[in-house]
A.B. asks: 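Encoded as structure tokens, here's the structure I'll be asking about.
Numbers for residues simply follow the sequence, beginning at 1.
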Amino acid sequence: MAKKDSKDKKKLQKDDIRTFVRVLSYAKPYAWRLIIGAACTVIGGGSIIAMFITAQALLSDIFSINNKLFGDGAKEQAVVEEVVEAPVQAKAEEIVAETTTSDEPAIVKDVSKKLMGKFIDSENMKQLEEAGLSGMLKVCGMLMICIIVNSLGVFGSMYYLQWVGQRVVMDLRIGVFNHLQKLPIAFYNSSKSGDMIARTVTDTQQLQNMVSNVITDLIRQPIMLIMVLSYILITEWRLALFSVIFFPTCVIPISIIGKRVRRISREGQKRMADLTSVMKEALDGVTVVKSYGQEAREEARFAEQCKGFFRRMVSATKAKAFNDPITHTVGGLGGIGVLLYAMINKTPFEECILFAAAIWALYEPVKKLGKISMEIQQSSASADRIFEIIDTPITVSNKPDAKPISTPLEALTFENVEFGYDDKQVFSSLNLELKAGQSLAVVGPSGGGKSTIVSLLMRFFDPVSGAVKRNGVDIRDFTIESIRENIGLVMQDNFLFNDTIAANIAYGKPGATQEEIEAAAKLAHAHDFIMEKEDGYNTMVGERGVSLSGGQKQRIAIARALIRKPSLLILDEATSALDTESERMVQNAIDDLVGKITIIIIAHRLSTIAKCDKVAVVANGGVAEYGTREELLALGGIYTKLHEMQFDNH
């Protein structure tokens, strides 16, 4: 059992690394920015070494001056009193006069001595000069230059590396959304839209923190660590050896914590997806919720998901909170070790200070490198969920040699089409033909496959066997884009975007002119009610067309389908959910189109297909009956029974 757990942990670590490497692969197009960021990091790291060396020289000068000036305690007191009691301005003028014959550069005379002269009298200034004040000021200037170079290096490093991290996440987010647009309808039939939103937005946001921080730290911190260790190695190799052995000990507990954080984070991201799904369902179905008085039930469902997410996040926070105490403890022990080492070896005080500063400088990169493992494991859960979408195969796609449709529609045929959903077979042998200019009504019992015919024509699905042909050519030989450009689809529940009426109609033909929009609206019998509105075609329809009636939405949808001038118009239960008046208005629009365009009408209500040229009854895995309405009534079969159920009771 222990061996199995060990194997699982190793596999988990490999999976995390593999996932992270895959995320980093998205940074390849921006390699030059990574190089600039790394170069800035090297400059910043090099300036740290220069700062340590300069600081060491500065401390040596300070202690040297201190010893020369204040070697005797009584003398020290006398000098202090003299400095305090001297007239500042007069002494400053004397100092300037005395230094005019000095060999120092002009900038030193004008800046350092005049400035110092405001606070120190001539005699003490002379003592400072003899003790080496000018050299110390030069070192201070060099230290300031090192600080400025370090600051610029840090800025360049952070900017370029963070830019790459943010861009990688943006590309991932766009890639996920683009892939979702290409996935077949079957994928959405088995997926929660809330989960897809959570993965595209929340998981990529979680990944953004990891990518930005990890890319920065993965490049910056090792360089900083090497630079500081190099300085310690140059000055005291034993201390460098101690650091190399001692500091990695903090990585072990951090790695253990990271594994727990990863597991909790994956559970947390799943909770967030469930939370988003519950919220979306409650908002989309708000009318049903209120109609049945289930507000309290939905509130309880949402609160339960929020509590579950809260518990997971608190657990992750608690696990991550151990990271800082561990690194702080290691840093403290390292500092104590340096002091003990200095005492044993009787190291000069100024060197001891620098050693302590160097150990402290090691603390930050070690701390952040320790966090990298935790951040990778935590964010791998989000990355895995994102890549699950990206890796979902696109089962309906263009053939390599697919061509766009270039000829007018002459005929559509279904030849021995076999199709089913998972384990449920819908068609065993579907054969059907429709000639250009004809109108075909497709009727039959529920679940017989009427809407599946639409899905096959639109290439939302492909047949298991057989073929759907256009002008005798398998539609799989045409590009999906051209197939759908030649079809106008109006469904039972049509989606309208939260935009103007004009924009919703023009969605069928981006870039359409106002004249084209109005012409399509007139064909759909929508122009009159649109003009009755205060803002006309600029009226906002609201989310999902909430400001329009059912009949108005359907006519807008018909106009949207007609504006592209399709060779085939499909009406899938377009009037089944409408009231009598709305149905009459929509039916008038449909009747006016019959004979002018090739139409397929999927219908339950037989009254809506009175003007259709042909009727196909879909049942028992194929077309059970086919002919005109009169011919089918004479057969006394399925169509006759449907007709009797709908009309004989009136």
Side-chain angles (χ1 to χ4, degrees), residues 181 403-410 412 434 436-439 454 457-459 470-471 478-572 574-575 578 582-601 611:
Q181 298 302 302
K403 297 178 181 179
I405 293 173
S406 57
T407 58
L409 176 65
E410 297 174 4
L412 287 171
L434 173 66
Q438 287 186 336
S439 55
V454 177
L457 282 169
M458 297 291 293
R459 276 207 74 193
R470 185 184 194 276
N471 299 346
F478 299 115
T479 61
I480 294 174
E481 295 77 16
S482 66
I483 291 171
R484 294 172 185 172
E485 283 173 4
N486 279 272
I487 299 176
L489 176 62
V490 182
M491 298 174 288
Q492 177 180 344
D493 182 19
N494 285 286
F495 184 91
L496 296 185
F497 295 90
N498 188 13
D499 207 333
T500 64
I501 290 175
N504 272 282
I505 294 174
Y507 194 83
K509 184 183 179 182
T513 64
Q514 185 64 28
E515 290 74 18
E516 289 176 310
I517 292 171
E518 291 184 11
K522 289 174 181 177
L523 283 174
H525 289 211
H527 179 73
D528 292 342
F529 87 77
I530 293 173
M531 296 308 297
E532 289 174 0
K533 294 188 176 293
E534 183 177 351
D535 295 323
Y537 282 87
N538 292 320
T539 301
M540 295 294 294
V541 304
E543 189 170 1
R544 300 180 70 89
V546 68
S547 67
L548 303 176
S549 69
Q552 289 172 339
K553 285 196 291 186
Q554 287 299 78
R555 281 177 278 168
I556 294 294
I558 293 172
R560 180 171 63 190
L562 293 175
I563 196 170
R564 57 176 30 180
K565 298 179 180 179
S567 57
L568 172 65
L569 178 65
I570 300 176
L571 304 169
D572 188 359
T575 62
L578 302 180
S582 296
E583 181 184 356
R584 184 180 63 81
M585 297 297 294
V586 173
Q587 191 61 48
N588 289 340
I590 295 172
D591 290 344
D592 285 349
L593 294 171
V594 173
K596 300 176 183 177
I597 188 174
T598 308
I599 301 177
I600 294 178
I601 300 176
K611 293 189 177 183

A.B. asks: Measuring from L569:CG to L571:CG, what's the distance to the nearest 0.5 Å?
C.D. replies: 4.5 Å

A.B. asks: Quick check: do F478 and R459 have side-chain heavy atoms less than 4.5 Å from each other?
C.D. replies: no

A.B. asks: Roughly how far, to the nearest 0.5 Å, is CG of N471 from OG1 of T407?
C.D. replies: 4.5 Å

A.B. asks: Would you check, one step at a time, whether the test side chain to side chain contact (heavy atoms under 4.5 Å, CB included) holds for V454 with M491?
C.D. replies: CA-CA 10 Å; V454 177; M491 298 174 288; over 6 Å; no

A.B. asks: How long is the straight-line distance from CD of Q552 back to NE2 of H525, given to the nearest 0.5 Å?
C.D. replies: 15.0 Å

A.B. asks: Looking at every heavy atom in both A524 and I558, which two are closest together, and how far apart are they?
C.D. replies: CB-CG2, 3.8 Å

A.B. asks: Near Q181 CD, under 6.0 Å, is it more than 12 heavy atoms from other residues, nucleotides or ligands?
C.D. replies: yes

A.B. asks: Taking the side chain as every heavy atom from C-beta outward, state whether S567 and R470 have any atom pair closer than 4.5 Å.
C.D. replies: yes

A.B. asks: Report yes if some heavy atom in the side chain of P566 is under 4.5 Å from a heavy atom in the side chain of I597; otherwise report no.
C.D. replies: yes

A.B. asks: Are the side chains of I556 and I530 in contact, using a 4.5 Å heavy-atom criterion?
C.D. replies: yes

A.B. asks: Could you state the interatomic distance from CD1 (I505) to CD (Q514), rounded to the nearest 0.5 Å?
C.D. replies: 8.5 Å

A.B. asks: R560 side chain to G488 main-chain N or O, any donor-acceptor pair under 3.5 Å?
C.D. replies: no

A.B. asks: Evaluate whether atom OH of Y507 has more than 12 neighbouring non-hydrogen atoms of other residues, nucleotides or ligands under 6.0 angstrom away.
C.D. replies: no

A.B. asks: Do N486 and L409 come close enough that some side-chain heavy atom pair is under 4.5 Å?
C.D. replies: no

A.B. asks: Applying ring-ring contact (aromatic ring centres under 6.0 Å, His included), name anything that partners F495, two or more places apart in sequence or on another chain.
C.D. replies: F497

A.B. asks: Look only at the side chain of T500 and the backbone of T539, and say whether a donor-acceptor pair between them is shorter than 3.5 Å.
C.D. replies: no

A.B. asks: On a heavy-atom basis, which atom in A506 and which in I563 lie closest, and how many Å separate them?
C.D. replies: CA-CD1, 4.2 Å

A.B. asks: Determine whether more than 12 heavy atoms belonging to other residues, nucleotides or ligands lie under 6.0 Å from atom NZ of K403.
C.D. replies: no

A.B. asks: Using a 3.5 Å distance criterion without hydrogens, assess whether the side chain of R564 forms a donor-acceptor pair with backbone atoms of G508.
C.D. replies: yes

A.B. asks: Are any of the side-chain heavy atoms of I600 and L568 separated by less than 4.5 Å?
C.D. replies: yes

A.B. asks: Would you compute the distance between atom CD of E518 and atom CE of M531 and round it to the nearest 0.5 angstrom?
C.D. replies: 6.5 Å

A.B. asks: Roughly how far apart are I570 CD1 and I487 CD1, rounded to 0.5 Å?
C.D. replies: 5.0 Å

A.B. asks: Could you give me the CA-CA distance, side-chain angles and deciding distance for M540 and N498, then say whether side chain to side chain contact (heavy atoms under 4.5 Å, CB included) is met?
C.D. replies: CA-CA 7 Å; M540 295 294 294; N498 188 13; 4.0 Å; yes

A.B. asks: Mind checking whether M458 and I483 have side chains closer than 4.5 Å, heavy atoms only?
C.D. replies: no

A.B. asks: Would a 4.5 Å heavy-atom cut-off, applied to side chains only, mark I405 and E485 as touching?
C.D. replies: no

